[in-house]
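These figures come from a predicted structure and were not determined experimentally.
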Amino acid sequence: MSTPEQILPERYDPQPIEARWQARWDQEKAFRAEPVSADGATATVPDRPKAYVLEMLPYPSGDIHMGHVKNYTMGDVIAHHRRRQGAAVFHPMGYDAFGLPAENAAIRTGEPPAVVTRRNIDRIRRQMQRLGFALDWNTELATCDPEYYRWTQWIFLRFLERGLAERREAAVNWCPKDQTVLANEQVQDGHCERCGSEVELRQLTQWFLRITDYAQDLLDDMDLLVDWPERVLTMQRNWIGRSEGARVLFRTEDGEHEIPVFTTRPDTLFGATFFILAPEHPLVDRLVEGLPEAEAVRDYAGAASRRSAAERGDAEREKTGVFTGRHVINPVTGEPIPVWVADYVLMDYGTGAIMAVPGHDERDFAFAGAFGIPVVRVIAGEGEDADTPLEEAYTGEGRLVGSGFLDGLDVDTAKARMADWLAERDLGEATVGYRLRDWLVSRQRYWGAPIPVVHCERCGTVPVPEDQLPVLLPDIDDYAPKGQSPLAAATDWVNVDCPSCAGPARRETDTMDTFVDSSWYFLRYTAPHLSGAAFEREVLDYWLPVDQYIGGVEHAVLHLLYARFFTKVLNDAGLVSAREPFARLFTQGMIHRDGAKMSKSKGNVVSPDEIIDRFGADTLRLYVLFMGPAADDIEWSDRGVEGQRRFLERLWRLVRSMGPGSLVARPGREDLGDDAAALETVRKAEAAIVKVSEDIGERFSFHTAISAVQELVNVGTKGVSEGAFEGPAGAAAARYAAQTAVSLLFPFAPHVTCEMWEALGGERLWTEPWPQADPSLLERDEITVVVQINGKVRERMQVATGLAEQELIDLARALPRVAE
RNA sequence: GGGGAUGUGGCGGAAUCGGUAUACGCGACGGUCUCAAACACCGUUGGCCUCUGGCCUUGUGGGUUCGAGUCCCACCAUCCCUACCA
């Protein structure tokens, strides 16, 4: 360690400097978070502002990539800044450690996923430590640890007792390659989010979490998400997909069955000329029983269910369907309309049945055209009447026609009037539909938290009693998926006594989606090794909500929605005070190279380790944030990295040129006298303080914060080389500028700045109060005023500050090039 | 189809409240060092012209304003999300 009064060596060699400071921070427990709940200790909640700074936890795949470096460096900068501003900072780290990659590796090599994962975690931790992140390793957790998933299971039981976890049969997404079901959110464009295989629909009994019960809450509480990117809020809004409409009851012509539909256009009910059931609709079989159409309908339904989700979801595809031979009665016209089965009607949206209005719905229009079904106009737009022929579905505004008691009304009024009419006759009511589906959480895979229930012949589904948690994953030999969970092969484990009646029972063999694990990890950080509870209310309530959350936008409708849902359920269960987990969210852009996302398959990956070896961690940290706006996708540049290294060298030389000495106080105007260069230098330092503080604290504009320090360093370097700091005022100003640059740069490049800080006579820069600018030094005596005439710059004049407008105009008019 | 965003030098980008467009960095060019090259350092660097000066310039075209990269209207281009959701 440098001792005060010592100047820096001539050469900047990052490796030993970084190793030394990392060891020192570790030894001094410099970034230990307080309070954290632990066994046998009573945590006291401090009386000072807190800052919970969190980055989305990594999946331990073996190596961290540049995206991680950028993500954690941003969090680190904010954490350092808040700490030096006097806040109690919580900046934890963990691993989202269950999941398919480790399991797939196990299938290939036979090595247990727990072993693979543990090795990967050790590796990724070492890489993060090399980057000097100010994390509290004491609170580190991995979601695959039994002491963690015990509480994941415990939370699952809370859902179960609140009726929010249920097992039911449904058409679900099945990935044929990974041999497991997937949540709706994990299907992208009809393909498995993980492996890219085309997803099939299968009718299976699975575990769901009833997130749809919280659809409205999830929408309403977006007001509490004070600083989330609009983009993410919009994506969640669209995903939840609230639409107002009506439920309408249709009866079969024999009066035997009532079939409800959901429609957003109850106003068009007079135009409903046919009716469609989804192929999976439970009434399909019964309706066609004994009819000549039965065989054709069953064939069609069978073919539809074998079609891939992608194919079925293709709106461009020609409409297909089959007539059932049955009719239902249109409740307003009293007319029978034919019932068809068609695969463009989806079982899991609305009621799985629709009233088809070909005149005013594009899909219904296409279907009617294909099958020769009559099209009726019930809305007339501007300049149209009831007889204007429809060449395509008309979906615009207009007046109702051919619709009895609705005639002449506009669309919105007609919607309300129809809802009332239906409600008065018990034929329907105004209602709200959501696109959001319940969250399918069971997986037929090994490497996840076992679902803590037992199936008993007598008692049905029985929760595993809390004192028997965790339900540990059994050791097995063959991890390969076989269409059912590999856990089923562990018969000793599967066969148990029913906790309720002690009779023979079988354990649930499915494991939980790993998004369940990551839906509450930010709560467990506050009590990572507590054995008697998932967390402690008082400590949790002190830290929550997370003040700043940072991660990739790819989780907009996955993790970020699920974590909000969990927080609301736990809040309703009286376990957490927070209603929302993440007050502020920042979504970072990706780092590209050669125009594409860095990936092993494209061979365009730059390894963080390699950059650290060549340039040092400080340079890498500086570069990933200097590249451009943190929210944007930016192209990696090797030369850009070198530029940041050069900048650190420049700062190194500037600090070295100060010679031995101690920290200086900010020179005031009286100290600077009439030394203009010195005043300008101090002023630049003050401007940098203001800029860097705002850029880190409010704007998330790290690249401009770094530029501001670079400008300050440039002023210092230039001043030194031009001999502008010869006098006593200049020397003090230069030293103050160097000191300020080092202090402001610390959150970005903590190792080298700590080294420099000691050379400048300070110690423990990480505890140094964050600098405050002196506004009086920012004021100028004179400013340049630009004189424009008709938008053209005509003159520039130096004037004293504080002149009145008329005085300025008079001065301007007196200028020769203005007066002419 | 629906939604969200973006467009500024050779490149990444800055300009935060409508007030000197191009900060900071990369690259390029010139110089110093070197036998030489690389590195490093110093300097120059939006474009054009009739060059001690002038004109033009923020995707395109209009508008508001004393003044527009910034506000309004229209268009063009690109990217992302979503999509048979009744």
Side-chain angles (χ1 to χ4, degrees), chain A residues 188-190 229-243 245-246 248 261-266 268 272 276 278 311-320 342-357 360-364 366-367 395 433-437 553-554 556-557 589-590 592 622-623 626-629 631-647 649-650 653 690-691 694-695 698-699 701 703-714 717-718 721-722 783-793 795-796 809:
Chain A
Q188 290 179 350
D189 222 3
E230 195 51 47
R231 182 154 87 111
V232 175
L233 293 177
T234 305
M235 281 165 75
Q236 290 210 355
R237 238 177 246 121
N238 291 344
W239 190 259
I240 295 167
R242 182 182 202 273
S243 48
V248 184
V261 303
F262 173 73
T263 177
T264 55
R265 296 296 306 271
T268 62
I276 305 183
E311 193 188 347
R312 202 161 149 189
D314 181 6
E316 304 303 309
R317 206 176 104 237
E318 191 102 328
K319 293 279 176 290
T320 63
D343 67 359
Y344 80 91
V345 175
L346 310 173
M347 189 57 224
D348 58 356
Y349 181 74
T351 64
I354 63 159
M355 62 180 225
V357 183
H360 305 286
D361 181 282
E362 285 162 25
R363 297 152 298 175
D364 299 346
F367 191 87
T395 56
Y434 297 93
R435 212 193 73 121
L436 185 68
R437 308 296 152 85
V553 74
E554 64 273 16
V557 290
M590 278 187 304
H592 287 187
L622 211 48
Y623 177 64
F626 182 73
M627 291 175 82
D632 292 4
D633 292 351
I634 310 275
E635 178 79 13
W636 175 271
S637 151
D638 289 332
R639 292 311 197 91
V641 181
E642 290 171 31
Q644 292 314 300
R645 172 60 188 261
R646 275 198 290 272
F647 163 58
E649 308 259 11
R650 212 153 65 231
R653 284 195 301 275
V690 171
K691 176 91 179 128
E694 278 180 13
D695 284 354
E698 287 135 56
R699 298 212 311 142
S701 184
H703 64 310
T704 53
I706 296 166
S707 314
V709 180
Q710 292 179 339
E711 285 184 58
L712 175 58
V713 172
N714 289 349
T717 308
K718 206 172 154 87
S721 78
E722 288 171 357
I783 50 166
T784 307
V785 172
V786 179
V787 183
Q788 292 187 31
I789 296 175
N790 293 331
K792 296 262 190 276
V793 178
E795 264 296 4
R796 281 147 213 243
I809 293 170

Picking from B:C26, B:G4, B:C84, the nucleotide nearest the side-chain atoms of A:Arg231 would be B:G4
Check whether any side-chain N or O of A:Asn714 sits under 4.0 Å from OP1 or OP2 of B:G25, and answer yes or no.
yes
Determine the interatomic distance between P on B:G27 and the same-named atom on B:A36; round to the nearest Å.
23 Å
Look through every strand shown and name the nucleotide pairing with B:U64 as Watson-Crick or G-U wobble, where both distances are under 3.5 Å.
none
Is the glycosidic torsion of B:C17 within 90° of 0, making it syn, or is it anti?
syn
Nucleotide B:A83, atom P - distance to CD of A:Glu362 in whole Å
18 Å
Of the listed nucleotides B:C26, B:C85, B:U16, the one nearest the side chain of A:Lys691
B:U16
Starting from P on B:G13, measure out to CD1 on A:Ile706 and report it in whole angstrom.
15 Å
Report yes if at least one side-chain N or O of A:Arg699 is closer than 4.0 Å to OP1 or OP2 of B:A15; otherwise report no.
yes
Would you mind reporting whether A:Tyr623 and A:Glu642 have side-chain heavy atoms less than 4.5 Å apart?
no
How long is the gap from CD on A:Glu694 to OG on A:Ser701, to the nearest 0.5 Å?
10.5 Å
Given B:C85, B:G43, B:C26, identify the nucleotide with an atom nearest to the side chain of A:Arg639.
B:C26
Rounded distance in Å - CD (A:Gln236) to C1' (B:C80):
16 Å
Below 4.5 Å, heavy atoms only, C-beta onward: do A:Thr704 and A:Lys691 meet side chain to side chain?
yes
Starting from the 5' end of RNA chain B, give me the residue, A:Trp239 or A:Pro629, whose nearest nucleotide shows up first.
A:Pro629
For A:Glu362, does the CD atom sit with more than 12 other heavy atoms under 6.0 Å from it, leaving out its own atoms?
no
Checking base pairs now: Watson-Crick or wobble, both atom distances under 3.5 Å. What partners B:C17?
none
What integer distance in Å separates A:Met627:CE from B:A14:P?
13 Å
Can you tell me the pairing partner of B:G69 across any strand shown, Watson-Crick or G-U wobble, with both distances under 3.5 angstrom?
none
Using the purine O4'-C1'-N9-C4 or pyrimidine O4'-C1'-N1-C2 torsion, is B:G9 syn (within 90° of 0) or anti?
syn
Using only modelled atom types and a 3.5 angstrom limit, is any donor from either the side chain of A:Arg242 or the base of B:C85 paired with an acceptor on the other?
no
A:Val345 near the nucleic acid: base, sugar-phosphate alone, or nothing, with a heavy-atom cut-off under 4.0 Å?
base
Test: A:Glu649 and A:Arg653 ion pair at under 4.0 Å:
no
Touch class at under 4.0 angstrom, heavy-atom based, for A:Arg653 against every strand present
sugar-phosphate
Once you apply the 3.5 Å cut-off to both distances, tell me the Watson-Crick or G-U wobble partner of B:C84, or none.
none
Between A:Asp364 and A:Arg265, does at least one N-O distance fall below 4.0 Å, as a salt bridge requires?
no
Tell me what A:Ile634 touches on the nucleic acid: a base, only sugar-phosphate, or nothing, going by heavy atoms under 4.0 Å.
sugar-phosphate
Could you check whether any side-chain N or O of A:Asp633 sits under 3.5 Å from a backbone N or O of A:Met590, counting only pairs where one atom can act as donor and the other as acceptor?
yes
A:Arg435 side-chain N/O to B:G3 phosphate OP1/OP2 under 4.0 Å:
no
Output yes when at least one side-chain N/O atom of A:His703 is less than 4.0 Å from OP1 or OP2 of B:A14, else no.
yes
B:U34 -> Watson-Crick or G-U wobble partner, both distances under 3.5 Å, gives none
Given B:G27, B:A86, B:U16, which nucleotide is nearest the side-chain atoms of A:Glu694?
B:U16
Pairwise P distance, B:G63 and B:A68 [rounded to whole Å]
12 Å
Flag the pair A:Arg237 / A:Leu233 as yes when at least one side-chain heavy-atom distance between them is below 4.5 Å, and no otherwise.
yes
Which whole-number value in Å describes the distance from A:Asp695 CG to B:A23 P?
17 Å
How are the rings of A:Phe367 and A:Tyr344 set to each other: parallel, tilted or perpendicular (split at 30° and 60°)?
tilted
Does the structure show a Watson-Crick or G-U wobble partner for B:U78, both distances under 3.5 Å? Name it, or say none.
B:A5
For atom P, what is the distance between B:G69 and B:C85, given to the nearest Å?
43 Å
Using the C1' atom as the point on both nucleotides, what is the distance between B:C17 and B:G9, in whole Å?
27 Å
In whole Å, what is the span from the CE atom of A:Met235 to the P atom of B:G2?
19 Å
Think A:Arg363 has a side-chain N or O under 4.0 angstrom from the OP1 or OP2 of B:C85?
yes
In terms of side-chain heavy atoms of A:Ser707, which of B:A23, B:A83, B:U16 is nearest?
B:A23
Mind checking A:Gly643 for me? I need base, sugar-phosphate or nothing, with any heavy atom below 4.0 Å counting as a touch.
sugar-phosphate
Can you identify which nucleotide, out of B:U16, B:C84, B:G4, has its nearest atom closest to the A:Lys319 side chain?
B:C84
Let me spell it out: for each of A:Thr264 and A:Ser721, pick the nucleotide of RNA chain B with the closest heavy atom. Which residue's pick is nearer the 5' end?
A:Ser721
Are A:Arg650 and A:Asn714 linked by a side-chain donor-acceptor pair shorter than 3.5 Å?
yes
Candidate nucleotides B:C85, B:G25, B:A23, ranked by approach to the side chain of A:Glu711 - the nearest
B:A23
Using whole Å, what does the distance between atom C1' of nucleotide B:A83 and atom OH of A:Tyr349 come to?
13 Å
Minimum-distance nucleotide (side-chain atoms of A:Ile354 versus B:A86, B:A14, B:G25):
B:A86
In whole angstrom, what separates A:Asp364's CG from B:C85's C1'?
12 Å
For B:C73 and B:U6, measure between their P atoms and round to the nearest Å.
15 Å
With C1' as the reference atom in both, quote the distance from B:G61 to B:C76 in angstrom, rounded to an integer.
10 Å
Given that both distances must come in under 3.5 Å, which nucleotide forms a Watson-Crick or G-U wobble pair with B:A28?
B:U44
Euclidean distance for C1', B:U8 against B:U58 (whole angstrom):
4 Å
Contact class for A:Ser701 vs. all strands (heavy atom < 4.0 Å): base, sugar-phosphate, or nothing?
nothing
Under a 90° cut-off about 0 for the syn range, is B:C51 syn or anti?
syn
The side chain of A:Thr234 lies closest to which of these nucleotides: B:G3, B:C85, B:A23?
B:G3
Describe the nucleic acid contact of A:Arg237 in one word from base, sugar-phosphate, nothing, applying a heavy-atom distance below 4.0 Å.
nothing
Of all the choices, B:A23, B:G25, B:A86, which nucleotide is nearest to the side chain of A:Phe626 once you look at every atom?
B:G25
Write down the distance separating the P atoms in B:U22 and B:A28, rounded off to the nearest Å.
24 Å
